[in-house]
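Worksheet for the structure shown next.
Chain letters run A, B, ... following the sequence lines, proteins first, then strands; residues in each count from 1. Side chains are part of it too, since the values below use all heavy atoms of this structure and drop only hydrogens, waters and symmetry mates. In this text the structure is predicted, and so the values were computed from the model without any measurement.
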There are 2 protein chains.
Amino acid sequence: MGKQTNPPICEIECIHADKVDELQPIVGALGGVGELVTNLADDTRFKVLYALSQSELCVCDVAAVVGATTPAASYHLRLLYRTGLVDYRRDGRLVYYRLADEDMRPVLEAIKSYMSR
Amino acid sequence: MGKQTNPPICEIECIHADKVDELQPIVGALGGVGELVTNLADDTRFKVLYALSQSELCVCDVAAVVGATTPAASYHLRLLYRTGLVDYRRDGRLVYYRLADEDMRPVLEAIKSYMSR
DNA sequence: CAAACACTCAAACGTCTGCTTGAGTGTATG
DNA sequence: CATACACTCAAGCAGACGTTTGAGTGTTTG
């Protein structure tokens, strides 16, 4: 019974308090990154977004380009629209999607060139 | 019974065959991006990786910086190690992790600057 | 050698994801 | 007005994910 059952968890700033103190505010400001990057963290969805960064496309084209069914493409486009990464316009019974945010382009290119390193 | 039950699914190259043909090989080469980006698609894990891009840290420090328990930090570090994004060295009973791939730095910075736009 | 400590491992959990299926909406065409 | 068609929506499912908990390693220290 001399065995203690508690703190196997390291207390804060246990080893290198200086570095921790320095990095904490910087890293803390990165909250919400995951939510954004999650949009790119799926093969199909990244392909959709990259394709739209190259050309305006209707849902049907998007499905063909990325090799998905139309409902699947529609599902991903809706997700991307809801997070503001993609916008669309109607033309008759077609719906044309395009990249909504030019600031996303460098991110897409950075990832693409990392992949082909 | 004149109701047809089948192909509600659009055939390939249904609308703009030219654009589709042009984009398909480019986009097809992006296979596997999701697997990579998944490593960055979590708040905790992105913070871990970004912190390590700034400084070499032991597990304990990482946990303190990102505000997680030690097992949680260990879990994410293992994932990052298995995908080659992170490397480590032992020093006594401490384990120091660091960014393994310099090519990842531009990706991290691109995402970070997108976040603070 | 025994205690303390940084870290790892494995099991278990609640939750979320991406896709399919089938029905529904609205626009164009004959 | 009826049919065709591009697209959306909602329900459901199998698989993956992040975290906690508790036990276990291996190194250091007295």
Any side-chain donor-acceptor pair under 3.5 Å between H76(A) and Y81(A)? no
Separation of dT27(C) atom P from R93(A) atom CZ, nearest Å, is 12 Å
Could you tell me how far apart F46(A) (CZ) and dG18(C) (P) are, to the nearest whole angstrom? 15 Å
Could you check how far CG of D91(B) sits from P of dC5(C), rounded to whole Å? 18 Å
Report the distance from atom NZ of K112(B) to atom CZ of F46(B), rounding to the nearest 0.5 Å. 9.0 Å
Please name the pair of heavy atoms, one in A100(B) and one in D87(B), separated by the smallest distance, quoted to 0.1 Å. CB-N, 3.7 Å
Spacing of L57(B) atom CG relative to dC7(C) atom C1', expressed in whole Å: 15 Å
Given atom OH of Y81(B) and atom C1' of dC9(C), what is their separation to the nearest angstrom? 16 Å
Donor-acceptor under 3.5 Å (R105(A) side chain, E102(A) main chain): no
Give, ordered by number, those residues of residues 26-45 of chain B having at least one heavy-atom distance below 4.0 Å to an atom of DNA chain D; if nothing qualifies, reply none. D42(B), T44(B), R45(B)
From OH of Y75(B) over to P of dG18(D), roughly how many Å is that when rounded to an integer? 4 Å
Classify Y96(B) by what it touches in the nucleic acid, base, sugar-phosphate, or nothing, heavy-atom distance under 4.0 Å. nothing
